Each structure stands twice: as C-alpha cells, then as structure tokens.
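Only a predicted model underlies this, so the values are computations on that prediction, with no experimental measurement involved. Values reported hereafter were calculated over all heavy atoms of this structure, with side chains retained and with hydrogens, waters and symmetry mates removed. Each chain gets a letter, A, B and so on, in the order the sequences are listed, and its residues count up from 1.
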Amino acid sequence: MRTSQYILATLKETPSDAEIISHQLMLRAGMIRKLASGLYTWLPSGLKVLRKVEQVVREEMNKAGAIEMLMPVIQPADLWQESGRWEQFGPELLRINDRHNRPFALGPTHEEVITDFVRKEISSYKQLPLTLYQVQTKVRDEVRPRFGVMRAREFTMKDAYSFHLTEECLAQTYQRMHQAYCNIFERLGLDYRPVIADTGSIGGSVSHEFHVLAESGEDAIAFSTESDYAANIEKAEALAPTEARPEPSKELNTFATPEAKTIADLKAQHGVKPHRGVKTLIVYGAPDENEQRGLVALILRGDHELNELKAEKHPLVDSPLEMAKEEDIFAAIGARPGSLGPVGLKMPIIVDRSAAVMADFVAGANKDGEHYSGINWDRDVAEYDVFDLRNVVEGDPSPCGKGTLQIKRGIEVGHIFQLGTKYSEAMNAGVLGENGKNQIMTMGCYGVGVSRIVAAAIEQNNDDYGIKWPTALAPFELAIVPMNMHKSHRIPDIAERLYSEFTAAGIDVLFDDRKERPGVMFNDMELLGVPFTLVIGERNLDNNQVELKNRRTGEKLMLDIDQAVAAITAQIRG
RNA sequence: CGGCGAUUAGCGCAGUUUGGUAGCGCACUUGGUUUGGGUCCAAGGGGUCGCAGGUUCAAAUCCUGCAUCGCCGACCA
C-alpha cells in the first residue's frame, strides 16, 4: 500500500471528548471516527487490525473444534418472548418494528437464534456435542457508551454456543474453550487473566471472564499472591476473620454529631477511625406474600464497601438490590442516612462477617445528629444475621486458602458460561437420546469482544509517540520511509524496488510516498505503530545500506540493500 | 435515568461578563523556501456560531424551550 493512495487520516491534536489513551490513539492514528454516541466507523487501518484479531480468534476456535456460521442481526421478537428475555433484558435490547408493525430486536447476543436453529436442525444425540460460532456485529443500547469502541452500542463479537447431552460433556467443551481463549490472548501478545465470574443476565452456573490487565479497566479483579486463584471482585468471597470477637470493655454512650453525615465526617470531626465504626445501609427486602417490600439493614465496617451482588443473594434482600429512598427510611426509623445504626433498629439486620467481630464500635443512634459509641453485638443488638456482604480489599486472605489478595484493574475481553438448560428448556430444544426418548440439551456459551480487544491491546501497548502493536495485531508489518524522495533518483528507485520485492515476498508493507518531511513520516508511522520502519536515505546509500528501526525496542539496524528483503522478511516472520 | 458541563470551519480553541454583523492555531489549496524528527514565507478556500422561538434598530453574545455530545453516579458482556 502507498500512503498516497490510502487514507492515513492521522491527527496531530487529540479530540477533546476522548478520555482514555486507546480512544485518543485510535482517533489520532486514523483507525476510527465517531458517527454518533457509541457508534464508530472503522477506517482502513482500524479495520485491518480488527480483521487480524478476528483471524486469530477464528483459527483458535476452529482448532478447538468449533464450526463457523452467521446469524442475522435482526431477530424476531417472539423468540425473545419464548426465552423470557423480551421483558427481562430491559432497554439495552434495541427494539424495532418492520413495515407490517411486527416487533423485532437488534441482537445483543444470539442464544435465542442459535437455540431455535439447533432445535430445528439437530434431532439425534449422535450429532452431539456440537459447538457453533460466529463473528458478528452486536447491538446493545448501552445506558452510557464510553471510551470509544471499548463500550460501544454496536460492536464486533465472537460468540460460540455448545450443545450437549450431559453436564460432563459440557464441562469438557468448556475446558477446551477455556484453553482456546488462553491461546487467543497468548497469540495476541496480551497480558491477561482468566477469572472466576458471575453469570449476570446471561444465566447459568459456572463462568469465567478473561481480562486484559490495564489501569483504565472498568472491573476490579482479586488475585491470590500464592496461587492462581483469580476472581472478579464482585465474586470474590470475603472470608470470616479468624480472630475471635473481643469481649465488651465499654459502656454504650451517645454523643452529638450534628455535622457528621458520613464516615469521613466522623473521622474528621470526632476522630473516629473508619474501621472502628460501622455503616448502616438500608435496602428493600424481598417481597412478602402480599408483594409488599419491607426494609432491611445491611451493616458493614466503616472502611468496607458493599458488594451488591452478594447482598442480593441473601434471602431477605430484594433482587435486584435497591437502596431505600430517604423518605421510606425516615418513615420507618425516624432518622435519616448519616445517623443510622443497628441499636434498637426494628427491621431485619444483616451484618457483614468483618463487622460481626467488632467490639466497642461506633454507629448512628437512629436519631438525627447523634451516634453511639461502645456498641457490642449480642449485648446491645440481640437479633442479627451474619453474611458475606462486602467487597474484598487488598491484603484479605485469599478464598483459596493460600496467600492474600491483590487487586488489579481489568478490561473484560472474554466471558464463558456453562449455561445448563436455561434456554434449551424455555425453548424446548431436545434431541432423541440413545433410549429413544426426548432429552433437553445442555448448553454453554462463549464470547470474545473482538473490537474491544483492539482498544484493550492499545491500552497495554503505547508510549508518548503512539501505538506499539504486538506483531500479531499491527495494521502493517513494515513501513518504507524514503528521505526526500523527490530530490534524488537513487532514493525513489531503491524505494520502489524494495517495495515491490517486499510485496512479492508477501510482506504487508506501507510505502510512505508522500512529499513530506522525514519528521512527519516518522511521526505518522510511530503513531500508527508499524513494528518496523525501513529508512532509505542518501546518507547510508553511499555505503549501499538502509536502516531498519524497531518500533517496540527502538533498536536501529544497518542492512546491506541486497540482503535487506531476505533479512527483514526473516525477522518479521521469525 | 439523576447531577454537572459543553455545543463557534475537518480538529483544538478564543470571542459571550459589557449586544454593533466572526477570529486564532493545526489541517486543506496554490506558489516559493527548507530537507534524517511535526520547516519558514506569502496568497487562498471553508462557518445558517447545535435547533426553534422571543427581546432589540441590531443577537454567537440576553431570555425560554428543545436536541446532541461528554463527565460523575446508578446500571450493564
């Protein structure tokens, strides 16, 4: 490719609405342009990278025994009604009507379509197990699209679905997919981790997420220092403290706290250390037989954070979890958030394991502007339930029993699930078993955020000059940059010759044939992140040499012109 | 969906307080100059100032409504 016949589209300035580095660099390197919020056009360079990711994903999926197909983006509503997700999915499911006013959805995922396909097409246990996949555009009407293609409303995803007769068979395929995913991220040159995950709205039992580690990641991941245990923080268990609860040593006392509404205020105004107090969060309880929701108090140590996913697993708590409105709290307790506590509270009280081993602690007195000190469980609060409610923090003991937890941020680029029969049962997808009886299939599903990987790779591979692509992802393998081509005959002759030789050798080469100053060309090639740049200049031509620059290492290598093509091809392919 | 902010040329911004008929840098076009790290000089093209309404002799500027975009929160692969 010649730059003069290409859309390089690099920008000197950073568009003001790009927050994270990958979004900025994708715009500046001419990879994407925004059409509307969460909707992006992929320019030639961006598309080349996207295709490279797809290719690696395809190869590893095929190797793992999955078969590629392609399903429509537009899906009839009745399939979604059949699975129950037409109502359940919420506004993220973008719905449209056709000219006959028939309802459709733009597919955010394809469990319904694939299950419908398989139930019609597969009728015998002999055809199982079966793993099908596609690489396709997904649509999700995100509440808040952000970070460019990282969280877009339209994005490219590889989604695979497996069908089995038994749980054991599913577990085997799940393991193969797990390995295939590791292979994919390994080949893409990314620093990644598989982590134990929650199944969320997709459903199912066992689930792992694959995270690319990056500061800008939207998820927190907990790792053990001593084992390979890793879990999404929302799923990491906070073990009960091993130390016993100290005996009460102080009397219950009230003190006035007119200006203290938060844990931070208590510390600043009254010297109460956060880990010596508790916070009391009021949420709605699970509906009773009359569909009425009461209130439930959740108690955590002052320096801990509520994990909503854990809280809603408690039978007394409504799911999804909802914080009580201030007026409901005031009506029930007679005090407002900021002065709440467990003493004398007339509602179910659920205490986090770490808060349950505290003694002589501080909490609100359920009277505006007043707190208690010297509170002790059992003595001052008779009835309560102990439960794991909080997010783990750095230094907590690992749930695996070995080492302590470390917390890092990650970008979710893959997610695999053992679905079980959630969809196959709802949609009556069965096959005839060996015994001649109909048997509902067991399913797994496996997603890779293909477009998100492009952004995630940049988050992990950049410097002040731009992108530093891992070899497997670079939009071009080599750039040829001639110095002041129009001023000599030698330079263009050699550049043209090398360009055609590299092309013939099958190297994907970008020939910068613009009439630009050297600095402009260097900057553009570095911004775009081409791994190798071949510099052709008068200076070295007298010695019959050209210079090869390595984008990642910064190394410069002088090569004899006659050996350049062979040497560089070997280096790129090697 | 709640809170905050923005919207002026392809991009980054000034001008709005105090109303007087739109500007700077980059990019683009032409000519010259320069040439191993974003040259310099000159000339040029490009804007219904987000949209609609109102106030006024006069609105980018003041008022009202709406839209879009972004940030924080809630929510979510």
Side-chain angles (χ1 to χ4, degrees), chain A residues 8-20 23-24 27-28 30 33-39 88-93 107-111 138-148 150-153 155-159 197-204 207-211 217-219 232 234 306 308-309 320-323 325 410-417 445-453 456 464-466 481-488 491 514-527 533-541 546-547 549 554 556:
Chain A
L8 203 54
T10 52
L11 303 174
K12 276 190 187 175
E13 282 167 306
T14 304
S16 60
D17 55 3
E19 188 79 358
I20 61 170
H23 188 195
Q24 293 172 359
L27 289 164
R28 289 227 292 132
R33 290 290 184 263
K34 183 171 73 179
L35 177 63
S37 177
L39 301 173
Q88 201 189 81
F89 217 90
E92 213 171 297
L93 184 65
T109 173
H110 281 69
E111 281 82 8
K138 298 284 186 264
V139 179
R140 293 187 192 178
D141 197 358
E142 289 283 347
V143 200
R144 181 138 104 87
R146 62 185 133 176
F147 303 151
M150 195 79 87
R151 182 171 294 279
R153 291 197 287 180
F155 58 98
T156 305
M157 180 167 168
K158 186 285 299 176
D159 47 326
D198 190 68
T199 50
S201 67
I202 305 283
S207 176
H208 285 84
E209 289 168 350
F210 289 78
H211 283 264
E218 294 185 86
D219 288 290
N232 193 307
E234 61 188 24
L306 176 68
E308 301 195 358
L309 220 61
L321 181 125
E322 192 185 340
M323 301 297 288
K325 290 192 183 70
I411 300 165
E412 184 189 344
V413 289
H415 200 162
I416 59 179
F417 302 78
C445 82
Y446 318 89
V448 168
V450 173
S451 45
R452 183 179 277 183
I453 285 176
D464 291 346
Y465 300 100
V481 176
M483 302 286 97
N484 308 305
M485 198 156 64
H486 59 285
K487 279 192 73 181
S488 94
I491 307 274
R514 293 176 295 175
K515 189 186 168 187
E516 283 288 357
R517 293 170 61 83
V520 174
M521 295 179 170
F522 289 140
N523 278 309
D524 276 347
M525 294 309 118
E526 282 159 15
L527 177 59
T533 299
L534 185 63
V535 184
I536 303 171
E538 283 291 342
R539 207 162 70 180
N540 297 315
L541 237 40
V546 288
E547 179 187 317
K549 295 209 298 186
K556 294 177 182 176

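Listed nucleotides B:C69, B:A74, B:G38 differ in distance to A:Arg153; the shortest reach to its side chain belongs to B:C69. Distance from the side chain of A:Asp17 is smallest for B:G70 among the nucleotides B:C76, B:U34, B:G70. Between B:C72, B:U35, B:G70, one nucleotide has an atom nearer to the side chain of A:Arg146 than all others, and that is B:C72. The side chain of A:Asn484 lies closest to B:U35, out of B:G38, B:G36, B:U35. Distance from the side chain of A:Asn523 is smallest for B:G38 among the nucleotides B:C76, B:G36, B:G38. Checking B:C76, B:G36, B:A74 against the side-chain heavy atoms of A:Val535 singles out B:G36 as nearest. Checking B:U39, B:U35, B:G70 against every side-chain atom of A:Val520, the shortest atom distance belongs to B:U39.
Contact check for A:Val535 versus A:Lys556: no side-chain heavy atoms found under the 4.5 Å cut-off. With a 4.5 Å cut-off on side-chain heavy atoms, A:Phe210 and A:His415 do not count as touching. Proximity of A:Glu516 to A:Asp524: side-chain heavy atoms (C-beta onward) are nowhere separated by under 4.5 Å.
Rounded to whole Å, the separation between the P atoms of B:G65 and B:A43 comes to 47 Å. With both ends at atom C1', the span from B:A14 to B:G32 equals 31 Å, rounded to whole Å. A gap of 8 Å separates the C1' atoms of B:C62 and B:G19, to the nearest Å. For the C1' atoms, the distance from B:A52 to B:C11 is 28 Å, rounded to whole Å.
The base of B:G36 is paired with the side chain of A:Asn540 by a donor and an acceptor separated by under 3.5 Å. Counting atom types as modelled, A:Arg151 pairs a side-chain N or O with a base atom of B:C76 as donor and acceptor under 3.5 Å. A donor-acceptor contact under 3.5 Å is not formed by the side chain of A:Glu516 with the base of B:G38.
Residue A:His23 is classed as having no contact, given no heavy-atom separation below 4.0 Å to the nucleic acid. Counting any heavy atom pair closer than 4.0 Å across all strands shown, A:Val413 reaches no nucleic acid atom. A:Glu218 comes within 4.0 angstrom of nothing in the nucleic acid, heavy atoms only. Within the nucleic acid shown, A:Gly447 has no heavy atom closer than 4.0 Å to any nucleic acid atom. Here A:Glu526 lies in heavy-atom contact (under 4.0 Å) with a base. Note on A:Lys34: only backbone sugar-phosphate atoms sit closer than 4.0 angstrom, heavy atoms only; bases stay farther off. Backbone-only contact: A:Glu308 has heavy atoms under 4.0 Å from sugar-phosphate atoms and none from a base.
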Just do the side chain to side chain contact (heavy atoms under 4.5 Å, CB included) check on A:Arg146 and A:His23 with the steps written out, would you? CA-CA 9 Å; A:Arg146 62 185 133 176; A:His23 188 195; over 6 Å; no
Evaluation steps, salt bridge (Lys or Arg N to Asp or Glu O under 4.0 Å), between A:Arg151 and A:Glu142: CA-CA 8 Å; A:Arg151 182 171 294 279; A:Glu142 289 283 347; 3.3 Å; yes
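Between A:Thr14 and B:G12, a side-chain N or O to OP1/OP2 separation shorter than 4.0 Å is absent. Considering only side-chain N and O atoms, A:Arg144 lies nowhere under 4.0 angstrom from the phosphate OP1 or OP2 of B:G70. Side-chain nitrogen and oxygen atoms of A:Arg539 include none within less than 4.0 Å of the OP1 or OP2 phosphate oxygen of B:G36.
Using N1 to N3 plus N6-O4 or O6-N4 for Watson-Crick, or N1-O2 and O6-N3 for G-U wobble, each under 3.5 Å, B:U64 pairs with B:A52. Using N1 to N3 plus N6-O4 or O6-N4 for Watson-Crick, or N1-O2 and O6-N3 for G-U wobble, each under 3.5 Å, B:G25 pairs with B:C11. When Watson-Crick and G-U wobble pairs are counted only if both distances are under 3.5 Å, B:U17 pairs with no nucleotide at all. Nucleotide B:U34 has no partner under the Watson-Crick or G-U criteria, as no pair reaches both atom distances under 3.5 Å. For B:C1, the paired nucleotide is B:G73, the pair qualifying as Watson-Crick or G-U wobble because both relevant distances are below 3.5 Å.
As a whole-Å value, the separation of A:Leu11 CG from B:G12 P is 9 Å. When the P atom of B:G38 is taken as reference, atom CZ of A:Arg28 falls 15 Å away, rounded to whole Å. Rounded to a whole Å, the CD atom of A:Glu142 is 15 Å from the P atom of B:A74. The nearest whole Å value for the distance from the CE atom in A:Met485 to the P atom in B:G36 is 16 Å. Note: CG (A:Leu321) to P (B:A74) measures 12 Å, nearest angstrom. As a whole-Å value, the separation of A:Met323 CE from B:C1 P is 23 Å. B:U33 atom P lies 14 Å from atom CZ of A:Arg517, rounded to whole Å. Going from atom CD of A:Glu19 over to atom P of B:G5 covers 17 Å, rounded to whole Å.
To the nearest 0.5 Å, atom NE2 of residue A:His110 and atom SG of residue A:Cys445 are 12.5 Å apart.
Between A:Arg33 and A:Leu27, the closest heavy-atom pair is NH1-O, 2.8 Å. When all heavy atoms are compared, the tightest approach of A:Ile491 to A:Met483 is CG2-O, 3.8 Å. Across all non-hydrogen atoms, the minimal contact from A:Arg28 to A:Pro15 is CG-CD, 4.5 Å. Smallest separation of non-hydrogen atoms from A:Ala197 and A:His208: CB-C, 4.0 Å.
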Please enumerate all protein N or O atoms sitting under 3.5 Å from an N or O of nucleotides 24-26 of chain B, with distances to 0.1 Å.
{"residue": "B:G25", "atom": "N2", "partner": "A:Glu13", "partner atom": "OE1", "Å": "2.6"}
{"residue": "B:G25", "atom": "N2", "partner": "A:Glu13", "partner atom": "OE2", "Å": "3.3"}
{"residue": "B:C26", "atom": "O3'", "partner": "A:Lys12", "partner atom": "NZ", "Å": "3.3"}

